[in-house]
Amino acid sequence: MNAMSEWETVIGLEVHVQLATKSKLFSGASTLFGSAPNTQACNIDMGMPGVLPVLNEEVLKMAVKFGLAINASINSPTQFSRKNYFYPDLPKGYQISQLDNPIVEAGFLEIIVKEGKKKIGITRAHLEEDAGKSLHEDFKHLTGIDLNRAGTPLLEVVSEPDLNSAEEAVAYLKRIHSIIRYLEISDGNMAEGSMRCDVNVSVRKKGNKELGTRTETKNVNSFKFVERAIQYEIKRQVSVLEAGENVVQETRLYDSQSNETRPMRSKEFANDYRYFPEPDLLPVLIDDEFINSLKDQMPELSESKTKRFVKDYQLTEYDANVLTVDLNFANFFEEVAAKSKNPKLAANWVMGELSAFLNQENLTIQETKVDSKKLGNLLNRIEDSTISGKIAKEVFEEMWNTGSSPEKIIETKGLKQVTDSVEIREIINQALDQNPTQLEQYKDGKDKLFGFFVGQVMKISKGKANPEQVNKILKEKLEE
Amino acid sequence: MLIKDRDLEQIAYLARINIDKDYFPSLKQELESILDLVKKINSADTESVKPMFHPLDLFQPLRKDEVTEKDEREKLQKNAPLSQAGLFLVPKVIEDQG
């Protein structure tokens, strides 16, 4: 028996989402990524004496939209608190965050797992300001500080410990990612740090009610790394417990190069943040009018889109889920479906051939080399029997590589399907003449050879004979 | 409530303040009297009092999401003892951040 199966894993995630505002949470400085150091840090971001924070209205809208998307309550008034700690990239010596009455509380979302749907609770989502960046490499005995990111709005989304495997944690993260992209409240770019994840993991013997001691792994910045960091932590904790030792409650770091987590050096009092209400900010009132106006602006989210795709396009729920994970991908599919008038075929091509080419070149749907109009046109040529599905793949590859239209490729390469029954009859005669032995066997009752003849016909026609017509005429011919 | 030397050292460390040991007795006395006052406040009957978010009966004004600040790096970096290539320079910190 696998030793791991005696153990149960409990995971909770804290996801930091950088909100896509133009200006900062409490100042009018720009939030653009990648500018020259400290050119987007004003005196408020730098914590100069005498300055006062003023809250960005757009941030409230974004947080409320997120709350509505995860079926949560919106707290009004909501309030800000100071979280105190010293670090050079935090110029004020405190971070303005939320402790009591966070803007979003008690929501949930659903993830798809092997057994079906699973509800994952979201304890809260609160607003806070990001810190600056420390650059340790470039200076001897000194650290460089860039405060451009200081004060950028973050929404920290805290899940309940409802996740029980690395796969579930990644499914949950992908749902959060999908929601913030659909709502257009963040670009969700994990490589640039627009979405960062802290992972809380503990293990316990199956059947135990009490939670095991947990560790927190900080700043894991890709779906793959989240999966690996959790798998590593589970293995490590189980082996610690099986050796009769205790898991130490601590903060750890994931090293993607060695694929392991290791403890961070932490000071004895490091976690005493001495929160208190932020005296520079008044409580924030979020009235029903504000919330209702945002309800009207809510886009169709992936869950309702999935349901609509199943109903309107007769897709399977699985296919609909794949198509709706990413908003741009879903839109692309709908454009192809509208153009081709055969949604099932459009779904197969978008998820199949197109995705394969995108993945191969590591491109997003926005960077596709075959646009929705051209793909729609290609599918129409299958539909009207100009070409077969097999030939269409050849045409698609050519479209991808040259940017040419399907019509032009079919024309210049002479790929048009043979639908002329006289011509097909001729090819069939040729196939029968070339294979007298098999013809004899067929007539003696070896029905299975029908497929062989179809294959021969397709070969002679270089795949261009219309398969339905070939089947029909061949049958007539053999029964003569 | 009694404050121990160790408590005082911890508070001083968290606030990054250096305190001369000579001041410990008087500081402890002052802090203890503050805590006594807090204790007194905590014991007040607030059963029928509506919780308050803020001493002022006002709510936070909001600003539009607009970039209103321009780059003042040069001016602001004059306040720093050390800067280079646009970065503020501080003594090396390799402590893992919280």
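Residue numbering restarts at 1 for every chain, and letters A, B, ... go by the order of the sequence lines. Everything quoted here is computed from the prediction, not taken from an experiment.
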Shortest non-hydrogen contact from [X] to [Y]?
X	Y	value
B/Ala85	A/Pro37	O-CG, 3.7 Å
B/Pro91	A/Thr143	O-OG1, 4.0 Å
A/Phe139	B/Lys92	O-NZ, 3.3 Å

Exercise for the section: Determine the option with the most heavy-atom pairs under 4.5 angstrom with chain B, choosing from A/Met48, A/Lys61, A/Gln40. Expected result: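 Top count of heavy-atom pairs under 4.5 Å with chain B: A/Met48.
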Handout entry: Partner chain B: residue of A/Pro277, A/Pro279, A/Ala36, A/Gly144 with the largest heavy-atom pair count (under 4.5 Å)
Key =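 Among the listed options, the one with the most contacts to chain B is A/Gly144.
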Measure the spacing between [atom1] of [X] and [atom2] of [Y] and express it to the nearest 0.5 Å.
X	Y	atom1	atom2	answer
B/Leu14	A/Asn84	CG	CG	9.0 Å
B/Phe88	A/Leu147	CZ	CG	5.5 Å
B/Leu89	A/Leu135	CG	CG	10.0 Å

Practice task
Check each atom of A/Phe80 against the heavy atoms of chain B and say whether the ones under 4.5 Å are side chain, backbone, both or neither.
Solution key: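 For A/Phe80, there is no contact with chain B at all, as no heavy atom is under 4.5 Å.
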Handout entry: Contact origin within A/Asn43 toward chain B - heavy atom pairs under 4.5 Å
Key =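 Its backbone and side chain both get close to chain B.
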[X] atom [atom1]: more than 12 heavy-atom contacts under 6.0 Å:
X	atom1	value
A/Lys22	NZ	no
A/Glu184	CD	no
A/Glu289	CD	no
B/Tyr23	OH	no

Problem - Counterpart residues, ring pair (Phe, Tyr, Trp, His ring centres under 6.0 Å), relative to A/Tyr254 (two or more places apart) - result: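 With sequence neighbours excluded, A/Tyr254 shows a ring pair (Phe, Tyr, Trp, His ring centres under 6.0 Å) to A/Phe225, given in chain and number order.
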Problem - Residues which pass salt bridge (charged side-chain N to carboxylate O under 4.0 Å, His left out) with A/Asp45, listed by chain and number, not counting sequence neighbours - result: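 Once residues adjacent in sequence are excluded, the partners of A/Asp45 under the salt bridge (charged side-chain N to carboxylate O under 4.0 Å, His left out) criterion are A/Lys24.
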Practice task
For residues 38-64 of chain A, pull every pair meeting ring pair (Phe, Tyr, Trp, His ring centres under 6.0 Å), keeping only residues two or more places apart or in separate chains.
Solution key: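 For residues 38-64 of chain A, and leaving out neighbouring residues, there are no ring pair (Phe, Tyr, Trp, His ring centres under 6.0 Å) pairs at all.
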Problem - Toward chain A: residues of residues 53-84 of chain B with heavy atoms under 4.5 Å - result: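 Under the 4.5 Å heavy-atom cut-off, B/Phe53, B/His54, B/Leu56, B/Leu58, B/Phe59, B/Gln60, B/Pro61, B/Leu62, B/Arg63, B/Lys64, B/Asp65, B/Glu66, B/Val67, B/Thr68, B/Glu69, B/Asp71, B/Arg73, B/Leu76, B/Gln77, B/Asn79, B/Leu82, B/Gln84 qualify.
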Exercise for the section: Could you give me the CA-CA distance, side-chain angles and deciding distance for B/Leu87 and A/Ile145, then say whether side-chain contact (heavy atoms from CB on, under 4.5 Å) is met? Expected result: CA-CA 5 Å; B/Leu87 296 164; A/Ile145 304 287; 5.9 Å; no
